[in-house]
Amino acid sequence: MSERLEDIAIAMVADGKGLLAADESTSTIKKRFDTIGLESTETSRRDYREMLFRADEAMKKYISGVILFEETLFQKAADGTPFVDLIKAAGSIPGIKVDVGAKPMAAFPGETITEGLDGMRERLANYYKAGARFAKWRGVIAIADGLPTWGSIKANSQALARYAALCQEAGIVPIVEPEVLMDGAPGTHDIARCAEVTEWVLRTVFTDLYDARVKLEGMILKPNMVIDGKNARKASIEQVAAETVRVLKATVPSAVPGIAFLSGGQSTEEATAHLSAMNSGYDLPWKLTYSYGRALQDTALKAWAGRSENVAAGQRAFTHRSRMNSLAATGAWKQDLEKAA
Ligand code: 5MM
């Protein structure tokens with residue numbers, strides 16, 4: 001019997017758990033490996049992901065699901081165990097990134113449109129067979145002088161809605177990720193501008209999801225936090241939390257079971273502090289948790305540095321960050337826990 005979308009979605013945002021975004025495409029993981037001077041090959045990518053997925057405590061206690069890149073979904077650990085089996089054995093859910101990337105949008109200079117809808121029904125059937133029970137699609141919205149435009153917001157929003165409808169048809173929970181960039185060029189906008197654009201984008205996305213007949217109970221939203229641009233960071237933790245909650249309450253129906261944030265280039269500790277602040281002191285209709293890529297992986301990647309003798313150190317770093325974010329997901333994180341570690 002196939003699982004209900006609602007149940008999968010609820011499991012993805014279970015108390016004190018969140019998602020590990022490990023779906024870096026080949027070009028993005030190369031950039032990450034460049035920072036530790038490691039060549040990106042199928043084997044080095046496997047070794048890195050295996051280190052994360054075998055971090056037992058983190059995976060069992062803090063990670064509800066892992067977003068994978070297609071290569072990783074079908075990849076095996078060094079001993080031949082499929083990664084999907086490793087993830088499932090830890091009680092976590094395998095997921096798959098199904099978009100094929102944000103591409104320059106014709107006639108919209110400086111903006112992108114995410115591609116990947118063609119042939120998606122067939123691909124989803126294969127991913128389901130391989131064990132994926134949720135998927136992810138990311139639309140990217142940049143803030144700059146005169147940007148974003150309505151044309152690009154609408155096109156990205158409609159693509160997200162089409163993708164979500166196809167996922168639900170396939171028995172797969174869609175993670176709907178409309179990312180308003182904090183670290184796009186020039187990254188000098190203030191928090192008020194981010195709030196205005198995020199609200200505009202989310203209103204559009206939920207209208208398109210309704211028009212596409214997407215069942216809100218069987219999806220997860222993955223938004224940016226409302227924060228000022230990376231090159232103009234000023235807003236306090238409390239301000240980011242308050243503005244993010246305000247915009248989400250104004251736009252996200254309570255039928256959505258959970259919201260799992262992206263970290264978007266925030267420092268690892270900032271991403272944790274913001275999440276914890278939102279989970280303490282606000283009355284919220286949905287779960288708020290993490291679906292972090294960089295904010296869960298950065299310290300682990302550095303500790304590992306591509307060396308087999310550092311696997312345990314990398315796993316310790318990943319476990320620590322996962323535990324801190326797990327505490328943040330229930331509003332129980334405190335800064336001195338970082339120092340203690
Ligand atoms: C892990 O990075 C994801 C895929 O990026 P590319 O398609 O560009 O390789 C990305 O979508 C990620 O899942 C989200 O942005 C969340 O990651 P961060 O690092 O922002 O938390």
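As the structure lists them, so they are numbered: ligands from 1, and atoms in each ligand from 1.
Among all non-hydrogen protein atoms, the one lying nearest atom 4 (C) of ligand 1 is K97 NZ, 3.1 Å. In this structure, atom 16 (C) of ligand 1 lies nearest to the protein heavy atom K222 NZ, 3.3 Å. When hydrogens are left out, the protein atom nearest atom 17 (O) of ligand 1 is G293 N, 3.5 Å; that is the closest non-hydrogen contact. Among protein heavy atoms, atom 15 (O) of ligand 1 sits closest to E177 OE2, 3.2 Å.
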Between F74 and F83, is a ring pair (Phe, Tyr, Trp, His ring centres under 6.0 Å) present by the stated rule, with each step listed? CA-CA 7 Å; F74 295 102; F83 276 152; over 10 Å; no

Checking side-chain contact (heavy atoms from CB on, under 4.5 Å) for the pair K31/T35: CA distance, chi angles, key distance, verdict? CA-CA 7 Å; K31 279 190 227 149; T35 66; over 6 Å; no

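Taking every non-hydrogen atom of R294 and a distance limit under 4.0 Å, the qualifying atoms of ligand 1 come out as 18 (P), 19 (O), 20 (O), 21 (O). Of all atoms in ligand 1, listed by their number and element, those nearer than 4.0 Å to a heavy atom of Y292 are 21 (O). The contact set between ligand 1 and A21, taken as ligand atoms under 4.0 Å from a residue heavy atom, comprises 1 (C), 13 (O). Near G264, with a cut-off below 4.0 Å to any heavy atom, the atoms of ligand 1 are 18 (P), 20 (O), 21 (O). Residue-ligand proximity, S263 to ligand 1, at heavy-atom distances under 4.0 Å covers atoms 18 (P), 19 (O), 20 (O), 21 (O). Set against the non-hydrogen atoms of S25, the atoms of ligand 1 under 4.0 Å away are 6 (P), 7 (O), 9 (O). Atom numbering of ligand 1 starts at 1 in the shown order; those under 4.0 Å from a heavy atom of D23 are 1 (C), 2 (O), 3 (C), 4 (C), 11 (O), 13 (O). Interface of T28 with ligand 1, defined as ligand atoms under 4.0 Å from a residue heavy atom, comprises 6 (P), 8 (O), 9 (O).
The shortest heavy-atom distance from Q297 to ligand 1 is not under 4.0 Å.
For the pair I191 and A235, the tightest heavy-atom approach, listed with the atom from each and the gap, is CD1-CB, 3.8 Å. Residues M278 and L284 come closest through the heavy atom pair O-CD1, 3.5 Å.
The closest non-hydrogen atom to atom 13 (O) of ligand 1, taken over R138, K31, K136, comes from K136.
Counted by atom type alone, T41 and S44 present one or more donor-acceptor pairs between their side chains at under 3.5 Å. With no hydrogens or angles considered, no side-chain donor-acceptor pair links N279 and T330 at under 3.5 Å.
To the nearest 0.5 Å, atoms NZ (K215) and CZ (R4) are separated by 7.0 Å.
Both the backbone and the side chain of E24 come within 4.0 Å of ligand 1, judged by heavy-atom distances.
Salt bridge present: D183 and R294 bring a charged side-chain N and a carboxylate O closer than 4.0 Å. Ionic pairing of K97 and E70 is not present here: no N-O contact between side-chain nitrogen and carboxylate oxygen is shorter than 4.0 angstrom. Electrostatic pairing of R321 and E338 counts as a salt bridge here, judged by a charged N lying under 4.0 Å from a carboxylate O.
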